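Reviewing the structure listed below.
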Amino acid sequence: MSVAARPLAPGPVLARLRARRRAHRPPGQRSDRLIGAYGAVLYVVIGVVIAFRLLRQRPATGPASTWLTGGGLARIGVATLLLGLLAVLRHATWQGPVVFRLPEVQWLLTAPIDRAALVRLRLARALAAGVALGAVLGLGAFVLLEAELGVPARPLLAASLLGPAAVGLLGVALGWLVERSPTASLVVLRASPLVLAAAAVAALVPGGAAGASAVLWSGPWGWAVGPVVAAAGGRVPGWPVQAALLAAVAVAAALLAWSRAGAITTEELARRATARTGLAASLYSLDARGAAQARRRANRTLLGVRRVRLRRPRRRWLAIPWRDALALLRAPARLGWALVLVGAGVLAVAAEPDRRAVVGAAVLAGYLAAAQLIEPLRAEADQPDASRQLPFAWGDLLLFHCVVPAIGLAVVGALATGVAWGAGLLEGPAPWVALVACLPLATVLVLCAAIAGHRGRVSPGTLSTAFGLGELGGPIYLLGWIALGPLLAEVLVAVTATVVVDAGRRPGALAGALSTAAILAAAFLAGLIGYLRGRRAPA
Amino acid sequence: MSASPVIRLRGLSKRYGDVVALEGLDLEVAAGECVALIGHNGSGKTTTMRLASGQLEPTSGSVTVAGVDIHRAPDAHRARAALAFVPDSPLLYDDLTVAEHLELVGLAHGVGDELDERIAVLLDVLDLEERRDFLPVQLSRGMRQKTQLACTLVRPFQVLLLDEPVVGLDPPSQESLRELLEEAKSEGIAIVLSTHQLRFSEGLADRAVVLHDGRVIDAGDYEPVVAGDHALRLGLR
């Protein structure tokens with residue numbers, strides 16, 4: 001007797017499963033979904049029409065039109081599509097277009113059912129969703145461009161819809177090819193910084209129209225934008241070729257993905273199903289960090305351990321900073337994000353020091369950078385019992401965890417200040433003041449992030465209080481809980497920064513303002529350190 | 001018991017509303033002595049361990065180590081430094097390797113020049129040497145438990161609390177652990193271990209305390225208690 005079984009077609013099996021599920025489904029679920037979808041479509045259509053009319057009523061700005069058709073649209077469009085494709089491919093390294101649920105992985109995929117057929121059901125839906133999402137984003141771009149440029153609508157609408165829709169199809173197809181191959185996933189993760197750099201180059205490439213033209217021929221992301229630029233009034237001689245190339249590449253990728261539908265291991269699908277379960281649990285409990293951790297855990301098996309050694313210090317109190325430095329070296333992306341956030345903040349403030357909104361946004365960026373760097377403190381708060389093997393009081397432990405992030409953030413801030421200085425955005429005493437302010441400012445931001453982070457995840461008690469407060473009070477309460485750290489940082493840093501920036505504009509007032517700012521910073525630091533030091537470990 | 005106790009549990013109770021997890025436990029353990037807490041699941045063993053290690057706050061009663069109340073004294077964390085606790089499920093940091101865990105704990109406790117040697121011995125005895133550069137996510141449950149054990153044993157302490165220490169350990173590792181504990185006893189460490197695997201505690205524990213529904217139902221020298229009616233009635237042997 002042969003034990004080898006031919007794979008069954010999934011149709012009858014799935015029909016039986018659906019029939020079983022139907023018996024347990026609450027009445028009206030399908031009609032509720034249809035009503036929801038109808039409402040969403042209605043909102044999109046109404047939103048598009050209103051946005052279009054409002055934008056049309058606005059007087060067209062000549063410089064903006066010239067910039068768009070003179071290469072701006074090509075640069076921004078290509079960079080955006082490149083980043084979008086990267087996002088789709090990175091998503092495919094831990095989720096992807098085809099994700100089964102855990103019970104399906106354990107029961108359905110281990111049965112002798114044709115896997116390719118099971119995957120194709122989901123892949124077809126994902127490909128359609130990719131096309132639809134691309135078209136919706138293209139529609140948004142059309143509304144903005146048409147209102148600004150006032151060119152003939154039909155060619156622009158066709159180009160705006162079809163290009164991004166084809167990129168959507170291409171993205172999902174490539175996403176599946178990445179999803180089914182751990183090697184391809186690893187390549188995507190490792191190559192991401194290069195793609196980010198390429199997008200930055202595409203957005204900032206010099207050379208006017210010639211540079212923009214080169215960008216349009218750099219790949220499918222450029223081929224999708226070429227026809228849009230041509231329909232918007234720009235000069236793109238080969239746009240029909242670009243459209244044909246894009247269509248051919250997208251269809252070829254989709255056919256390749258379709259043909260490789262069954263070629264994926266259960267292990268890869270199980271990795272994604274487990275990650276999705278963790279992701280859903282985190283999102284239901286409003287735990288954004290938990291969702292990010294679900295992604296990191298899913299990819300950790302791919303990336304392995306970064307071989308990092310750091311000489312152990314001899315002093316006891318350096319144990320925690322040493323451990324935090326190791327963690328940071330093992331996850332250098334955190335430092336990279338901090339550099340991007342702080343760099344953007346410093347450059348924005350240097351360029352527009354008088355705009356309070358810019359200062360506020362820069363403080364928020366600095367806070368987010370600090371929040372990136374205090375991950376070891378957050379991990380400590382996740383499992384406070386682990387720290388009981390260390391001979392430190394909880395409050396002291398929290399403060400030790402702030403040392404490396406504060407130094408790291410100060411160094412990043414000094415680098416950004418140096419760039420702003422080099423670019424001529426800072427002059428007179430401003431760069432020196434900024435450099436001296438880096439360490440205290442970074443310490444305040446890190447302590448604010450630590451005060452928010454040491455509370456751990458949103459607790460069931462906090463959630464039940466929010467639900468108990470009802471529809472009006474609940475969201476505000478939750479928002480307050482989540483925004484505690486940024487609000488604290490905004491108040492403390494913005495107050496100090498405003499004193500200095502205001503004084504900087506009055507001759508002779510700077511020295512006095514700096515003294516006031518130093519006193520304020522010292523008082524804030526003492527208060528924050530005292531507060532953290534007084535914390536006790538959660539029971 | 002002639003020697004003065006290193007750890008003393010006095011009238012220790014823990015309640016969750018109407019549920020009594022532990023009621024009026026009195027226990028003293030001297031240097032070089034090993035006491036086994038035995039009982040079924042839910043008898044109060046883990047609650048006792050968590051209270052004794054400072055992870056839980058008692059509803060009433062106290063835990064003192066070398067005369068310092070580990071829950072209420074202002075310098076309680078210093079007294080806790082004399083306590084080493086191995087929980088029933090390992091608590092490790094996601095971003096540190098096995099060897100780095102040991103380095104962190106040893107460094108924080110001020111283990112000086114001999115730290116590298118201690119780490120090498122523990123990794124060797126617990127068969128972790130080949131996995132010294134692994135992250136916890138890359139380890140099996142048993143390996144994580146052994147890492148937790150190594151973290152506990154790498155630093156100096158006076159009292160060792162072990163909650164179900166052999167769960168997840170293979171027989172050779174159980175034997176290695178037993179040898180380590182016997183060595184610790186001979187060096188004057190006070191040991192409290194909770195287990196329902198009497199084969200592990202036989203010959204190691206000097207005294208036994210039988211817990212049932214959060215209450216002590218028998219206590220005394222190990223052999224008579226384990227051979228007694230209470231242990232027999234509960235099916236512990």
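Order of the sequence lines sets the chain letters (A, B, ...), proteins ahead of strands, with each chain counted from 1. Fair warning: this is a prediction, and the values are worked out from it, not measured in the lab.
B/H71 touches chain A through its backbone: at least one of N, CA, C or O sits under 4.5 Å from a heavy atom, while the side chain does not. Interface residue A/R314: backbone and side-chain heavy atoms are both found under 4.5 Å from chain B. For chain A, no part of B/L83 is nearby; none of its heavy atoms comes within less than 4.5 Å. With a 4.5 angstrom heavy-atom cutoff, A/A379 does not touch chain B via any of its atoms. At a 4.5 Å heavy-atom cutoff, the contact between A/P313 and chain B is made by backbone and side-chain atoms alike.
Look at B/E103 and A/R311 and you find no salt bridge, because none of the NZ, NE, NH1 or NH2 atoms lies under 4.0 Å from a carboxylate O.
Checked by atom type, the side-chain pair B/Y93/A/Q383 shows no donor-acceptor distance below 3.5 Å.
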- B/D94 and A/R296: salt bridge (charged side-chain N to carboxylate O under 4.0 Å, His left out), yes or no, with the steps? CA-CA 11 Å; B/D94 281 351; A/R296 275 200 295 276; over 6 Å; no
- For B/V137 and A/R297, what are the C-alpha separation, side-chain angles and deciding distance, and is it a side-chain contact (heavy atoms from CB on, under 4.5 Å)? CA-CA 9 Å; B/V137 74; A/R297 269 196 296 271; 5.6 Å; no
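The distance from the CG atom of B/D95 to the CG atom of A/L326 is 8.5 Å, given to the nearest 0.5 Å. The CD atom of B/E100 sits 4.0 Å away from atom CZ of A/R330, with the distance rounded to the nearest 0.5 Å.
No more than 12 heavy atoms of other residues, nucleotides or ligands sit less than 6.0 Å from atom CD of A/E267. Environment of CZ in A/R101: sparse, with no more than 12 heavy atoms of neighbouring residues, nucleotides or ligands closer than 6.0 Å.
Every residue meeting the salt bridge (Lys or Arg N to Asp or Glu O under 4.0 Å) condition with A/R272, not counting sequence neighbours, appears here in chain and number order: A/E179, A/E268.
Residues B/H101 and A/R323 are not in side-chain contact: their nearest non-hydrogen atoms beyond the backbone lie 4.5 Å or more apart.
A cation-pi arrangement is absent between A/R388 and B/F85 under the rule of less than 6.0 angstrom and at most 45 degrees off the ring axis.
Within residues 104-118 of chain B, the residues having any heavy atom less than 4.5 Å from a heavy atom of chain A are, in residue-number order, B/L104, B/V105, B/L107, B/A108, B/H109, B/G110, B/D113, B/L115, B/D116.
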